[in-house]
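Quick notes on the structure that follows.
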Amino acid sequence: MARGKVYLVGAGPGDPELITLKARRLLSEAEVVLYDRLLNPQMLEGLKAELIDVGKCAGHHKLTQEEINQLLIEKAEEGKMVVRLKGGDPYVFGRGGEEALALLDRGIAVEVVPGVTSAIAAPGLAGIPVTHRGVTSALTIVTGHEEPGKDSPLDWGAIAHLGGTLVVLMGLSRLEKNVGALLEGGRSAKTPAAIVEKGGWEGQRLVRGTLGDIVARAREAEVESPAILVVGEVVNLSQRLARKRIAILRPDAQLQESGKLAEDYGFLPVPAPAISLRELPLPSGLAARLDNAKFVVFTSANGVRMALQKEEVRNHLKDKTIVAIGPKTGQALKKSGRPYLMPEEYSSEGLKKLLQSRTGKVVFLRSALGARYLADDLRAAGLEVEDIALYDVVPSDDPRLDDLIRKAGGIDVFAFTSSSTARYLIARAKELGSEEALRKALSFAVVAAIGKPTAQELERLGVRVDVMPETFTFQAMLEELRRLQ
Ligand code: SAH
């Protein structure tokens, strides 16, 4: 390029997929990229450009606006193709206009590439359409952080009178003052209000209330920047439109698959393993115990995985009839190419029906914690049964669980997939001194239990159960939960 050019490019609210195609192309062609603090680093991966972080950390500016303008001029005058990447849209409270003017003053070509602005996208992602037929036909976007002497002062009284939807950017540090001004200006304290924190980011949260209590609620929820205040009747729509956050407490091995499934059903998964699986040393005499068995029963996909990893176990399964308690366990067996039987009904009753008319010893290969009643039931039906523990279920120690407990108030659905997940969640909350807060969150949220033993354990722990699927699978649980919405 004979002469440099600067593209002022919007990066969207945070999700790297919410960037325009044009922005992506320009990023891949750029020689220099100047970017801000509010950007997702994933957007910058694999670029050939020189990357310059001009981000402004709260309080101490890394580069002043003047220095940023100078740097843009400098790079463009070197003949470079420069992308100035800015959060959201460059011309919505992004000082993009100032940068464009400074460049034009030096005779440098500049082009704007609009982006998805957080002013509209963050509420939208949280289930708040900024306009809605029959509810509001006006949208006002203001800054909550005017610089005295620089910005033209806002007439909050007039804004209060406008009605419709009000979106306040950069409003966290002066939340109390701004809300106070709206109330003083005559906007009712009953007006629905919400704060959307980190819209489009992994930790996105919605704090809902009214103009009268939103300040207290924001404080209680410890809302952090970036966040947007939305005021108006449209906030109520989020009760239906917000994706429900579902806490998934399963062990790590299943989290990804379960999270994906939850997304397919329209939920926002919050992975928080409450348990982890610890392999146990194989008992002595395992070979003999397996050898005289006719049936080998697996009660979980984890059990299958652990068993098949071990050659000693694998070798002794060859001439056995393998039984999977349910479809997920079956799938794990299918992956290994092994034929298996499965009860029609996924429960101890179903298992009994399948096995009681047959003869031969039954061996369970399963978790040390697993429900004893399965084996007991079969024994009571006259079968010879042996239980072999392959792994133990232990508290997870996962920081994501602690995080969940701290922010339990933002969870809409708790998905309990075993009695141990219930026990360890509560035990961990107790250790963190947050049991009361967790119990409160559980009482407001929808509590789902995968099966009867899990539901019974929850009730024993004093937690009300709202949903239990007929078939004991995670998918059936999601199906049931979706019906509730
Ligand atoms: N040009 C940007 C706004 C820059 S001002 C845009 O169009 O989105 C910075 C303010 O934007 C923050 O203080 C916050 O109020 C808001 N903001 C930016 N990204 C956000 C996000 N992901 N979630 C919520 N608010 C966000």
Side-chain angles (χ1 to χ4, degrees), residues 7-20 22-23 34-43 54-59 61-63 65 68 83-100 112-130 139-147 150-151 154 159 165-179 193-208 214-215 218 221-231 234-235 238 242-243 245 268 410:
Y7 292 89
L8 291 173
V9 177
D15 179 339
E17 286 189 322
L18 289 179
I19 191 169
T20 64
K22 185 157 186 175
L34 274 74
Y35 65 95
D36 282 333
R37 177 176 60 98
L38 282 181
L39 286 180
N40 191 324
Q42 274 178 41
M43 291 178 192
V54 298
K56 300 171 194 127
C57 307
H61 287 205
K62 271 198 186 160
L63 286 186
Q65 188 60 52
I68 293 173
V83 165
R84 170 71 177 110
L85 192 62
K86 299 172 87 69
D89 181 275
Y91 284 172
V92 178
F93 298 119
R95 307 189 71 170
E98 285 170 62
E99 291 174 16
V112 70
V113 179
V116 175
T117 178
S118 65
I120 292 170
L125 290 166
I128 305 173
V130 287
L139 166 64
T140 311
I141 301 173
V142 303
T143 169
H145 190 101
E146 302 154 82
E147 280 194 60
K150 290 192 186 153
D151 297 313
L154 284 171
I159 293 169
T165 305
L166 172 65
V167 168
V168 184
L169 274 77
M170 295 181 281
L172 221 43
S173 59
R174 298 190 193 172
L175 185 65
E176 191 164 358
K177 200 166 150 257
N178 296 339
V179 168
I195 290 180
V196 185
E197 180 190 60
K198 299 196 179 76
W201 291 78
E202 207 169 279
Q204 176 183 314
R205 279 201 297 169
L206 174 67
V207 176
R208 232 177 0 216
I214 195 69
V215 173
E222 294 175 34
V223 174
E224 286 169 14
S225 185
I228 274 179
L229 169 68
V230 192
V231 179
V234 285
V235 166
S238 64
R243 281 209 290 167
R245 303 171 80 79
L268 191 70

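Quick note: residue numbers are just sequence positions, from 1. These figures come from a predicted structure and were not determined experimentally. Counting convention: from 1, in listed order, for ligands and their atoms alike.
Between the side chain of Glu99 and the backbone N or O of Leu8, no donor-acceptor pair lies under 3.5 Å. When atom types are taken as modelled, the side chain of Ser118 and the backbone of Gly88 share no donor-acceptor pair closer than 3.5 angstrom. Checking side-chain atoms of Thr20 against main-chain N and O of Ala23 turns up a donor-acceptor pair under 3.5 Å. Distance alone, capped at 3.5 Å, places no donor-acceptor pair between the Arg245 side chain and the Arg205 backbone.
For ligand 1, the polar-atom distance check against Pro13 finds a nitrogen or oxygen pair separated by under 3.5 Å. Geometrically, ligand 1 and Gly87 share a nitrogen or oxygen pair separated by less than 3.5 Å. By the 3.5 Å distance cut-off applied to N or O atoms, Thr117 is counted among the residues near ligand 1. Checking only distances, Met170 does come within under 3.5 Å of ligand 1, N or O to N or O. At least one N or O atom of Val92 sits closer than 3.5 Å to an N or O atom of ligand 1.
By the neighbour-count criterion of 12 heavy atoms within 6.0 Å, atom CD of Glu176 is sparsely surrounded, having that number or fewer from other residues, nucleotides or ligands.
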query = Going through the distances and angles, do Arg84 and Asp36 end up as a salt bridge (charged side-chain N to carboxylate O under 4.0 Å, His left out)?
reply = CA-CA 9 Å; Arg84 170 71 177 110; Asp36 282 333; 3.1 Å; yes
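For atom 25 (N) of ligand 1, the nearest non-hydrogen atom of the protein is Ile228 CG1, 3.4 Å. The protein non-hydrogen atom at the shortest distance from atom 23 (N) of ligand 1 is Gly199 N, 2.8 Å. The single protein non-hydrogen atom nearest to atom 5 (S) of ligand 1 is Phe93 O, 3.4 Å, given as residue, atom name and distance.
Close approach of ligand 1 to Trp201 (heavy-atom distance below 4.0 Å) involves ligand atoms 22 (N). With ligand atoms numbered from 1 in the order given, ligand 1 contributes 1 (N), 6 (C), 7 (O) to contacts under 4.0 Å with heavy atoms of Asp89. Set against the non-hydrogen atoms of Val196, the atoms of ligand 1 under 4.0 Å away are 24 (C).
The CD1 atom of Ile68 lies 10.0 Å from the CD atom of Glu98; values are rounded to the nearest 0.5 Å.
Remark: among candidates Ala227, Gly171, Ser118, Ser225, the nearest residue to atom 8 (O) of ligand 1 is Ser118, based on non-hydrogen atoms.
Here the side chains of Leu175 and Ile195 are in contact, with some heavy-atom distance below 4.5 Å. Looking at heavy atoms from C-beta onward, Asn178 lies out of side-chain contact with Val142 at the 4.5 angstrom threshold.
Distances shorter than 4.0 angstrom occur between a heavy atom of Lys198 and an atom of ligand 1.
Residue contacts with ligand 1, taken as heavy atom pairs separated by less than 4.0 Å, do not involve Val168 at all.
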